[in-house]
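Here is the structure we will look at.
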Protein chains: 2
Amino acid sequence: MDYREVFINYLKKNDLQLTKSREIILDAVFETHSHFEIEELYQMLRYKNKKVSRATVYRTIPYLVEAGLVRRLRYSDQNEQYEHIYGHPNHFHLHCLNCDRVIEQNSPELEKNIEKLAKRLNFKIQDYSVSISGHCSLCEEKETERIDINE
Amino acid sequence: MDYREVFINYLKKNDLQLTKSREIILDAVFETHSHFEIEELYQMLRYKNKKVSRATVYRTIPYLVEAGLVRRLRYSDQNEQYEHIYGHPNHFHLHCLNCDRVIEQNSPELEKNIEKLAKRLNFKIQDYSVSISGHCSLCEEKETERIDINE
DNA sequence: AATGATATTGAGATTTGTTCTCAATTATCT
DNA sequence: AGATAATTGAGAACAAATCTCAATATCATT
Ligand SMILES: [Mn+2]
Ligand SMILES: [Mn+2]
Ligand SMILES: [Zn+2]
Ligand SMILES: [Zn+2]
């Protein structure tokens with residue numbers, strides 16, 4: 001099942017239609033292979049002369065999230081970021097507070113652990129996110145160098 | 001070391017002072033044993049006639065986060081929530097999308113998993129959060145009942 | 001204690017991401 | 001086709017968070 005079908009199923013279930021606008025947004029989301037903000041996505045569509053309004057973009061993204069196609073990310077202090085997840089293996093984010101880099105990692109072990117934890121509580125998972133914040137290896141290296149020099 | 005000392009150390013390191021306002025906010029945060037929003041905290045202080053401005057509360061919370069005393073939570077779609085973490089065992093959040101309940105769980109196994117993952121990447125953790133969203137056992141129960149009746 | 005330099009605060013203005021409004025448009029049903 | 005319902009777009013409205021800047025508090029020095 002491709003993302004289009006998933007979305008159509010979701011829309012049907014919720015008495016919504018697959019309109020031209022929604023299709024444009026859906027495709028844009030799956031053409032974007034990085035984390036994005038809604039405003040960015042909207043500007044990209046304008047640039048490409050695809051006619052959808054900001055309001056519609058803002059209205060549509062939550063549908064994609066609900067449909068399980070897109071995930072809202074929570075690692076950043078700044079604006080909400082999103083990423084498409086359907087068809088991609090789950091992964092976690094490590095966010096460097098120094099250089100703002102985001103490292104993506106997957107860990108089947110961690111996944112299993114989370115699922116086990118949820119099962120024990122009879123909690124039905126829809127989505128989960130692991131975000132780790134701290135300092136990446138590159139920044140740590142620089143930091144220890146700096147200390148070496150100064151001392 | 002109590003939270004006060006931790007904060008004083010942090011402030012010193014950053015050439016900041018422990019002022020009356022900051023002290024009031026610090027204490028309020030550690031008197032609040034639930035997740036809170038900054039505006040809520042501010043209103044609570046007003047109610048108690050503690051004189052600090054909204055701006056100062058907004059300015060101070062990030063210091064507490066940086067000092068490792070407070071964590072910003074990311075489970076909700078609504079406003080930012082915070083909780084004090086210093087002196088408390090780490091725990092994870094399961095957020096029910098139906099009833100909005102938040103279940104707190106700790107799992108040393110999961111913690112170890114995350115730490116191992118970070119170590120492998122030479123990533124220095126400052127904080128991490130695991131948030132699971134879905135449906136809690138109570139809501140799931142009701143849901144299956146509903147289906148049983150209707151079918 | 002007085003002086004000057006520096007840091008902090010508070011009230012309200014401002015910014016900014018997001019949501020809302022409602023008339024116009026588009027799709028669906030009979 | 002005509003009636004009914006859903007969706008859209010432009011801009012207004014909203015609200016959380018940040019910024020501004022004069023007043024105040026704190027600190028360091030004499
Ligand atoms: Mn990612
Ligand atoms: Mn908690
Ligand atoms: Zn870094
Ligand atoms: Zn529930």
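The structure displayed is predicted, hence computed values, not measured ones. In the text below, chain A, chain B and the rest are named by the order of the sequence lines, each starting its count at 1.
- Separation of atoms OG (B:S129) and CG (B:L73) is listed at 7.5 Å; rounding is to 0.5 Å.
- The side chain of B:R22 approaches C:dT8 more closely than any other nucleotide in the set C:dG10, C:dT8, D:dT8.
- The aromatic rings of A:F30 and A:Y3 sit parallel to each other, their planes meeting at less than 30°, with 60° as the upper class boundary.
- Between A:L45 atom CG and D:dG9 atom P there is a gap of 11 Å when expressed in whole angstrom units.
- Between D:dG9 and A:R54, no contact under 4.0 Å exists linking OP1 or OP2 to a side-chain N or O.
- For C:dG10, its base sits under 3.5 Å from the side chain of B:R59 at one donor and acceptor pair at least.
- Rounding to the nearest 0.5 Å gives a distance of 10.0 Å between CG of B:N122 and CD1 of A:I103.
- Computed from coordinates, the A:E80 CD to D:dA15 C1' distance equals 15 Å when rounded to whole Å.
- Ring geometry for B:H35 against B:H93 counts as perpendicular: the plane angle is over 60°, on a 0 to 90° scale with 30° as the lower cut.
- The CD-C1' distance, from B:E39 to D:dC14, rounds to 14 Å in whole Å.
- Salt bridge A:E83/A:R72: absent, no basic N to carboxylate O contact under 4.0 Å.
- Take the nearest nucleotide of DNA chain D for A:D15 and for B:E37: the residue whose nucleotide is more 5' is A:D15.
- Atom OH of A:Y82 is separated from atom P of C:dT18 by 7 Å (rounded to the nearest Å).
- Scanning for side chain to side chain contact (heavy atoms under 4.5 Å, CB included) contacts around A:V6 gives A:M1, A:L69, A:Y86, with sequence neighbours left out.
- Donor-acceptor pairing under 3.5 Å is lacking for the side chains of B:H135 and B:E140.
- Side chains of A:R4 and A:N9: a donor-acceptor N/O pair is absent below 3.5 angstrom, by distance only.
- B:S21 has a side-chain polar atom (N or O) that falls below the 4.0 Å cut-off from OP1 or OP2 of C:dT9.
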- Message: One character per nucleotide, please: for nucleotides 24-30 of chain C, 5' to 3', B when the base has a protein heavy atom closer than 4.0 Å, S when only the sugar-phosphate does, - otherwise.
- Response: ---SS--
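- Near DNA chain D, meaning a heavy atom under 4.0 Å away, there are no residues from residues 3-14 of chain B.
- For the pair B:Y42 OH and C:dG12 C1', the computed distance is 11 Å after rounding to whole Å.
- In this structure, B:L18 atom CG and C:dA7 atom C1' are separated by 14 Å, rounded to whole Å.
- Residue-level contact check: A:I38 touches neither bases nor backbone, having no heavy atom under 4.0 Å from any strand.
- Between the CD1 atom of A:I61 and the P atom of C:dT19 there is a distance of 11 Å, given to the nearest Å.
- Inspection of the B:Y82 and B:E37 side chains reveals no N or O donor paired with an N or O acceptor under 3.5 Å.
- Nearer to the 5' terminus of DNA chain C, by closest-nucleotide assignment, is the contact made by B:S53 (compared with the other of A:P62 and B:S53).
- With no hydrogens or angles considered, a side-chain donor-acceptor pair links B:Y128 and B:N90 at under 3.5 Å.
- Direction of the helix axis in the helix from C:dA1-D:dT30 to C:dT30-D:dA1 shifts by 30° between the two five-pair termini, rounded to 10°.
- Under the rule for a salt bridge (charged side-chain N to carboxylate O under 4.0 Å, His left out), A:E5 has no partner lying at least two apart in sequence or in another chain.
- For A:A55, taking side-chain heavy atoms from C-beta onward, the closest of the listed nucleotides D:dT7, C:dG12, D:dG9 is D:dG9.
- Atoms CD1 (A:I25) and C1' (D:dG9) sit 12 Å apart, rounded to a whole Å.
- Residue B:Y58 places none of its side-chain N or O atoms closer than 4.0 Å to OP1 or OP2 of D:dT18.
- Looking at residues two or more places apart in sequence or on another chain, you find a side chain to side chain contact (heavy atoms under 4.5 Å, CB included) between A:R59 and A:A55, A:T56.
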